[in-house]
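In this text the structure is predicted, and so the values were computed from the model without any measurement. Counting from 1, the numbers follow the sequence of the chain as shown.
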Amino acid sequence: MRAAGRAAWARVRYRVAASDPGLLRLTAGLRTVASIALTLTVLSLLHASVPHLVAGAMSAMVSTFAIREKQRAGQAVTLALGLPVALASVSLSALLNSRVVAGDVFFVLLIFGAVYSRRFGDRGTALGLIGFQIYFLSLFIGATVSTLPRLYGVIGVAFVCSALVRFALVPETPTGTLDRLRRAFRARFAQLVTAQLALLDAGPDDMEKALDHVREGTARLHETALLIQGRLEDGTSDEAVARLVQRRIADAEIAAERLGLLLLTARSAERGHTLTLHLPGAPVPSTGRLPVRDGTTDTLRRELEALRLLVLRPVGADSGTGLAQVRNRLLGYREEENLPSASDAVQDVFRGIGEAARAVLGLRIAVDGPQDESEDTPATTRSREELDAEDVAIASSEEAEDAERTGLRRPTTRAAVQVAVGSSLAIIGGEFLSSQRWYWAVLTCWIVFLNTSSTGEILVKGYRRLLGTVLGVVAGIGLAGLVGHHTWTAFALVLLFIFAMFYTAPLSYTLMSFFVTAMLGLLYTLLHTYSASVLVLRVEETALGAACGVVAAALVLPVHTDRRTNELLGTVLARLTDVTEAAVDQLSGGAPAELLDKARDLDQALADLSASTQPLTHPITPLRARRDTARFVVALLETCAYHARYLAATAELLPTHPSIAADPRLREAGHRIVHNIGVIGAHVADGDAVGLIETGPSIASLLRPGTPGTPRYGRVTDRVLRHLQRLDEAVVGLARPLGVPIPAPAK
């Protein structure tokens, strides 16, 4: 029973880790709720009134979620600076409360400063957020000069409770977060292997669903890899360890993605196209067929299950002969003599399993140090030696920074001007709707500008906030009737909604807005200001604020969605050029380059582009053709990034891997790819740019030895050519949807 219970608990933990990488959402929700609960407890012991309980709860929430720095020392400094900022903000609000014009002008200036302060990093963002939210809080509870002394005490208690929770009750360290992210990576790796098992066994009617699961698992694994890369510097002991873990994470991601492609190929009479793994709704290969039900297929299924076990096995539990034998058997598939008698495509899947097992071994060594080698076979020993040689070759480097924009071209300055104009419109319009609740329109205008960069993003965010608000009003009306004036029941529901708000925020902005509005309905009930008309007014103010934000974004220093996506597309193409050119040069015998850093920059640029295309790919967009084009272009770029990552990872092995040798002929192959990326980039930057895509024989045929029957290359080098060929095809494929001219094939 105990063993079954532990196994069930382990499954739950891995599912939670996979759904919430690093438990970032769970930790944020728990920390915020704990801060509010502790503040309410202390204030209730001090016999605070209900308005002061509400003020304390909101202050605790703001002082907790505003702090985004990763190092504890930086968090402490920002929290300490935030208290005087909060006290100054509530004081000015109370002083200006009776001076309508002066108060409105100051509020607009405060909003401008709060947004502009984002240029100073996490600390500037936090202090600006605290200043704005506390000013809003004072308007919400109707602060006056006579109530300031008690409010100072309430806010001070809230900040102290927030600090206690952050540093003592729900502590978070960069090392602990990184460790949880690595566990999430393992959990998502295992989920992807499970999806690949389903792909192996899927019948013709289930192939599309199985492919969707593989696509989703591949995307989720990549998302976790990006989260890990963003926290390596703070969460590891030194730069060398960070680069080693970065390398091993990249290896594991590439191995997992390649295994899915090899399985797709084994299910098809032709080689599977990488685009199939990146384009939602891509057609299932028309030649797909069920695998032959023989002993080889059963062995393949068994080894995929063994790989999943190897990935999931917790650190410290991998001692013992049984697991060592499984690991040795999987690593043995990297040797030709251990491959079963089967078609080339099926043998490639077994090789892919061996490479994935090697990646898992490398990641464990990088994270947990040397492993027990007493049960190693010769194949495992060779894998360890390769990993050791690679570890020695990894070095650190300095990254060049891009030139910073100045003046109104700087994003923070432009956003500050836009939100100031939008807030001014919201104040004027909000006063017409209600002289008491006008600030809701300002809050919405402020929020729709957060983490957005174009008019289209602001429009989508405003629409989602309005939808969530409408649904929240319906829920708030019902809850207010049920709760009545039961103070602590209402506060318990408030805590529940705040946790749900933070837990769902990264997943759905509509859900977050729903929980916020439902919570506010309960707070109005506590303040004895609730009525159905108040919540309806909230919907009206929300719609007005969203409209003011869109108008300001469209008319004041506008950044149209097309312009924003074109800028980011140009950045992605530039990063793709950097990775491809450096990798091909190194594979051709050139000087070593910092390829993993370049690949990470490419991944981040592609993630930014994917986020910016959301207004174009949103389900309600009326421009269906443009939506399909945007999805296709992003999927092609993800395909390019996958092949570029593989080339970069292989090139970094060149000094240490015995089966990889530099080949100067690869430089000619890479030249065509780099030229074509440059032509596409120039066309994106300037639609009138002159340049033609180069096409011709496949890269593999250009480099094939001329004598019939002559062995071509070693297995690894042949794979490099295959990835170069796929990258070349994907780059040429980009030209057509982007309107870049392609010469007609010669007759």
Side-chain angles (χ1 to χ4, degrees), residues 16 20 23-66 133-134 136-137 140-142 150-151 153-166 168-170 440 443 468-469 471-508 510-532 534-535 538:
V16 172
D20 181 14
L23 303 182
L24 299 178
R25 303 199 316 270
L26 179 64
T27 302
L30 287 177
R31 184 185 295 117
T32 306
V33 168
S35 298
I36 296 172
L38 182 59
T39 301
L40 291 175
T41 301
V42 173
L43 291 177
S44 65
L45 293 175
L46 296 174
H47 306 291
S49 64
V50 170
H52 287 138
L53 290 176
V54 172
M58 295 182 70
S59 298
M61 180 176 69
V62 172
S63 61
T64 301
F65 79 76
Q133 292 288 358
I134 295 298
F136 171 83
L137 162 66
F140 182 73
I141 64 172
R150 280 189 171 272
L151 279 177
V154 167
I155 294 173
V157 167
F159 270 73
V160 171
C161 290
S162 176
L164 285 173
V165 170
R166 176 177 295 276
L169 299 182
V170 190
W440 288 118
L443 179 67
T469 299
L471 297 176
V473 163
V474 175
I477 292 173
L479 288 170
L482 291 174
V483 173
H485 298 292
H486 299 286
T487 301
W488 293 110
T489 303
F491 271 123
L493 287 174
V494 166
L495 292 177
L496 177 63
F497 288 156
I498 288 175
F499 176 81
M501 176 179 70
F502 281 93
Y503 195 78
T504 59
L507 302 177
S508 171
T510 300
L511 270 178
M512 188 202 75
S513 300
F514 165 80
F515 287 119
V516 168
T517 304
M519 174 196 70
L520 289 172
L522 291 171
L523 293 180
Y524 275 130
T525 302
L526 292 171
L527 294 172
H528 306 294
T529 56
Y530 165 79
S531 69
V534 167
L535 290 183
R538 168 138 169 78

### Query
Could you walk me through whether Leu137 and Val62 pass the side chain to side chain contact (heavy atoms under 4.5 Å, CB included) check?
CA-CA 10 Å; Leu137 162 66; Val62 172; over 6 Å; no

### Task
Before giving the answer on side chain to side chain contact (heavy atoms under 4.5 Å, CB included), spell out for Phe514 and Thr504 the whole-Å C-alpha distance, their side-chain angles and the decisive distance to 0.1 Å.
CA-CA 10 Å; Phe514 165 80; Thr504 59; over 6 Å; no

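Of all heavy-atom pairs spanning Gly468 and Thr517, the tightest one is O-OG1, 4.4 Å. Across all their heavy atoms, Ala158 and Ala60 have their closest contact at CB-N, 3.6 Å. Nearest approach of Ala505 to Met512, heavy atoms of both residues: CB-SD, 3.7 Å. Looking at every heavy atom in both residues, Ser44 comes nearest to Leu53 through N-CD2, 4.1 Å. Here the closest non-hydrogen pair linking Ala55 and Val154 is C-CG1, 4.0 Å.
Using a 4.5 Å heavy-atom threshold, the side chains of Leu522 and Phe497 count as touching. Residues His52 and Leu43 have side chains not in contact (no heavy-atom distance under 4.5 Å, counting atoms from C-beta outward). Considering only heavy atoms from C-beta on, Leu495 stays 4.5 Å or farther from Phe491 through its side chain. Using a 4.5 Å cut-off on side-chain heavy atoms (C-beta onward), Ser59 and Thr39 make no contact. Within the 4.5 Å cutoff, the side chain of Val165 has no heavy atoms near those of the Thr64 side chain. Proximity of Thr32 to Phe499: side-chain heavy atoms (C-beta onward) are nowhere separated by under 4.5 Å. When side chains are defined from C-beta on, Leu151 counts as touching Ile141, because their heavy atoms get closer than 4.5 Å.
With values rounded to the nearest 0.5 angstrom, Thr41 atom OG1 is found 11.0 Å from Leu46 atom CG. Rounded to the nearest 0.5 Å, atoms CZ (Arg31) and CG (Leu26) are 10.5 Å apart. How far OG of Ser162 is from CG of Leu38: 9.5 Å, rounded to the nearest 0.5 Å. Distance check: Ile498 CD1 to Leu493 CG gives 11.0 Å after rounding to the nearest 0.5 Å. Note that the CZ atom of Phe65 and the CD atom of Gln133 stand 4.5 Å from one another [nearest 0.5 Å]. With rounding to the nearest 0.5 Å, the separation of CG in Leu30 from OH in Tyr503 is 9.5 Å.
With sequence neighbours left out, Arg25 forms a salt bridge (charged side-chain N to carboxylate O under 4.0 Å, His left out) with Asp20. Applying the ring pair (Phe, Tyr, Trp, His ring centres under 6.0 Å) test to Phe136 and every residue at least two apart in sequence or in another chain returns Tyr439, Trp440.
Between the side chain of Thr27 and the backbone N or O of Leu24, no donor-acceptor pair lies under 3.5 Å.
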